[in-house]
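No experiment lies behind these values; they were computed from the predicted model shown. Starting from 1, each residue takes its place in the sequence as its number.
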Amino acid sequence: MKHDYDFVIVGGGSAGCVLANRLSEDPSTRVLVLEAGRSDYPWDLYIHMPGAFQFTIGKRFYDWQYESDPEPHMFGRRIAHARGKVLGGSSSINAMNFQRGNPMDYQRWGHEKGMENWDYAHCLPYFKRMEQAIAGEDEWRGGDGPLKVERGPAKNPLFDAVFEAAQQAGYSLTDDVNGYKQEGFSTFDRNIHNGRRLSAARAYLHPVRSRPNLDIRTNAFVSGIIMNGKRAVGVNYRRFGRNKSVRAAEVILCGGAINSPQLLQLSGIGDAEHLKSVGVEPIHHLPGVGENLQDHLETYVQYACKQPVSLAPALKWRNRPWIGLKWLFTHKGPAATNHFEAGGFVRGDDQVEYPNLMFHMLPLAIRVDGTAQPGHGYQGHIGPMFSDARGSLKIKSPDPREHPSMVFNYLSTDQDRREWVDAIRVARKILTQPAFEEFNGGELSPGVEVQTDEQILDFVRREAETGLHPSCTAKLGIDEMSVLDPASFRVWGIEGLRVVDASAMPLITNGNIYAPVMMIAERAADLILGNEPLAPLDTPFYKHVQQSPAS
């Protein structure tokens, strides 16, 4: 059958940028990227200025503004879910935290049936291939990849305090949370280079966009997959008010954990009964599409600061022009960082095998929407990493512009609730150590009156926000709820169709998910092209040894 391209990549976000780069390396291969958002223009300072990410999240010009259905265990709140509406996807609007996850995450993946080649040894070489760790190459970190990863400077005295306080609270330090030992406190990696955001588009796509065999079309909203029986042969899309279609030998969905399952369902691939109920003719019954939805929930434990060392002055309107100009001409100053420069990974109790809580330190008391506490303050972001709550995503109609129904079921399980109580107590334990005595002006949030387990859970139900890590809605695997072949990323039962993005994850990882998504895409590129896979690396990693009661 005649086709216009060898590969059509639907979505120019994190995974799509990696695939566009790798698949177009062969000049005989024709690749088209369709991105529904606009381009990440160099003059758009809100994208490229690291400290300005709060001005992109939740704004319709940058964000698709998804939200959950009323969450049944969160007082019926709808939780906002920002997704990037621009080339580079969410990597162009996120907080730029670069966390691979714990090696044990990939051991868990490798224990899933059919996923034996997705353990840490098989994933590590792809992490190394993609990155250029400015702190230095070693057994665990890459040295010449497209993605330059810088370590936060963490020069504010509040960062010194958190490192000392963590040790006073009984936790350890580590040299590199993305290296041998994730557990402990350290400065954090960010996808920032020379004071500018280094999105997936800047790292992977812009350096190669002049290739004659690579076409990139922004403002191209894909409405459905063109099917010939059970083979995908192209996509329909709308651009600048005109309906268009394109034929391809392979269609690769890279829209993320929300859009990719939505597009599958709109195209008749999903649970047949549900599709019929919303007016979509089923083509292939695949009940796992949109199921297994996972995310990280997080909240803030905030304190007033007795000393004028926080970043509060940077928020004052009279100071913002000078901060912006300093960044514009020097790429330095408060606007040149994401401010999440340090933190740690800890176990909420000694019964868990490896860290289940992530802690980010921020020398400012502020919400993700930019609402700040008055005066100087600081906060710890905290949240469990391994909730066993599972949600689902379902289209509500055949209209591709109608956002799907999403229920994450936050706080729906005993484990989730128990770990949330542990999380708040751990954050308070760290932030009230003697190292903070000279700074601690009193707890602002949740507030000293919040003490019992139920009071803590009510606070979380009322205030917690998503960590913006939706994932796992078209998982790799071979069981009846799996959607993708682990050896090829092909949609089970459909020819010519693959999904490569966060939806492919079988289980969410321990930390921000940008780095794992990039690794998945790097590995998928080799599988798609039939390249010899990188040899697994039997590199050691830290394992906590649990003490027996008698020891």
Which atom pair, heavy atoms only, marks the closest approach of [X] to [Y]?
X    : Y    : result
S482 : W492 : O-CD1, 3.9 Å
D26  : N213 : O-ND2, 3.0 Å
D175 : R151 : O-NH1, 3.2 Å
I258 : P404 : CG2-CG, 4.0 Å
L19  : I252 : CD1-CG2, 3.7 Å

State whether the side chain of [X] and the backbone N or O of [Y] hold a donor-acceptor pair below 3.5 Å, judged by distance alone.
X    : Y    : answer
R202 : R197 : yes
E35  : G37  : yes
Q265 : V289 : yes
T174 : K181 : yes
N236 : S245 : no
W109 : M115 : no
D501 : G255 : yes
N512 : F98  : no
R129 : E522 : yes
W420 : L411 : no

Criterion side-chain hydrogen bond (donor to acceptor under 3.5 Å, both in side chains) against Q182, the qualifying member of D105, D176, N102
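The option that passes is N102.
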Any idea how F489 and W118 line up, ring-wise: parallel (<30°), tilted (30 to 60°), or perpendicular (>60°)?
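Plane angle over 60°, so perpendicular.
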With no hydrogens and no angle check, just 3.5 Å: does a side-chain donor-acceptor pair link [X] and [Y]?
X    : Y    : value
H206 : R209 : yes
D295 : Y410 : yes
S387 : D416 : yes
D40  : S92  : no
D6   : T29  : no

Atom OG in S471, atom CD in Q294: separation rounded to 0.5 Å?
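Separation between the atoms: 5.5 Å.
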If the threshold is 4.0 Å, N to carboxylate O, is there a salt bridge linking [X] and [Y]?
X    : Y    : value
R100 : D189 : no
D414 : R417 : yes
K543 : E183 : no

Cationic tip of R108 within the cone over Y354's six-membered ring, i.e. under 6.0 Å and within 45° of the normal?
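No cation-pi geometry.
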Compute the centroid of each ring, for F127 and then for Y106, and state whether the two points are separated by less than 6.0 Å.
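Judged by ring-centre distance (under 6.0 Å), F127 and Y106 do meet the cut-off.
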Testing R231, R30, R490 one by one against E250 for a salt bridge (charged side-chain N to carboxylate O under 4.0 Å, His left out), which residue passes?
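Result for salt bridge (charged side-chain N to carboxylate O under 4.0 Å, His left out) with E250: R490.
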